[in-house]
Amino acid sequence: MSKIHYKSVEEIELIRESSLLVGKTLGEIAKVIKPGMQTIELDKLAETFIRDNGGVPAFLNYSGFPYSLCISLNDQVVHGFPGKHVLTDGDVVSVDCGAVLNKYYGDSAFTFAIGEVSEQVQKLMRVTRECLDLGVEKAVVGNRIGDIGYAVQEHAEKNGFGVVKELVGHGVGLRLHEKPEVPNYGKRGSGIKLEEGMVIAIEPMINGGRAGVKFWDDGWTVSTIDGKPSAHYEHTVAVKRGAADILSTFSYVDNVLKEKK
Ligand code: MG
Ligand code: MG
């Protein structure tokens, strides 16, 4: 069992740079994502953008994953393959992106609505993003890992949605996935103590229906057991006193989506 690697201030700044590149890459996705395009086009764009900015796509070849982005459509939860699927009005698309810069990883995910999505899907997206915000609020010194999971689970279930439990958030640093695990469920005051120097990816995966998932034969794709849509938002954050330091950012995405309206 590997131990938690507590980061220095300098290391946290390096993770901030990697995470910023991921945030900018998601912003580039936001600019172009629209009905009529194939999801593989988004993957190529992300790979080119990350490399042009001196980084390396973190997911490409990670345990054999064959793409730079995880693109998970509709009932797919996470780890979907980009491909020939042509985006259509009403699709809900989770885009998960990781980049390595100066040896350090950044990891962030955002869920996009293609054209007009149903009110239920809009609610699912809003609530999942709120779950992320509520989880991040708990990533402060003095809390425990279970406080994050409790906040996420409580908000999702209160709204009638299912919390995916088979997959969890994680530490981030010199590796994409480090200790500790960061579940999206839990009990208040349980689990390891959150301490200065911990950098974690908080990533609620919330299903529009039941919590259950199935794992595909491709070895990667995870989808909902009941075929209902799923949403996924993720930030890389440093645990701090008072308030978490959010190292990744949705500001690029949000600015683009605001202009598109
Ligand atoms: Mg991710
Ligand atoms: Mg992650």
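What you see is a predicted model, and the numbers here were worked out from it, not measured in a lab. Atoms within a ligand are numbered from 1 in the order they appear, just like the ligands themselves.
Salt-bridge check for R175 with E178: failed, with every basic side-chain N at 4.0 Å or more from each acidic carboxylate O. By the 4.0 Å N-to-carboxylate-O rule, E13 lies close enough to R16 to be salt-bridged with it.
Remark: aromatic rings of Y67 and F59 are distant, center separation not under 6.0 Å. Side-chain rings of Y150 and Y185 stay apart, their centers remaining 6.0 Å or farther from each other.
At least one N/O/S atom of H170, from backbone or side chain, sits under 2.8 Å from the Mg ion (ligand 2). In summary, D96 places no N/O/S atom under 2.8 Å from the Mg ion (ligand 2), failing the contact criterion.
Taking the Mg ion (ligand 2) as the apex, the angle formed with OD2 of D107 and OE2 of E234 is 80°, to the nearest 10 degrees.
Nearest N/O/S atom of E203 with respect to the Mg ion (ligand 2) is recorded as OE2.
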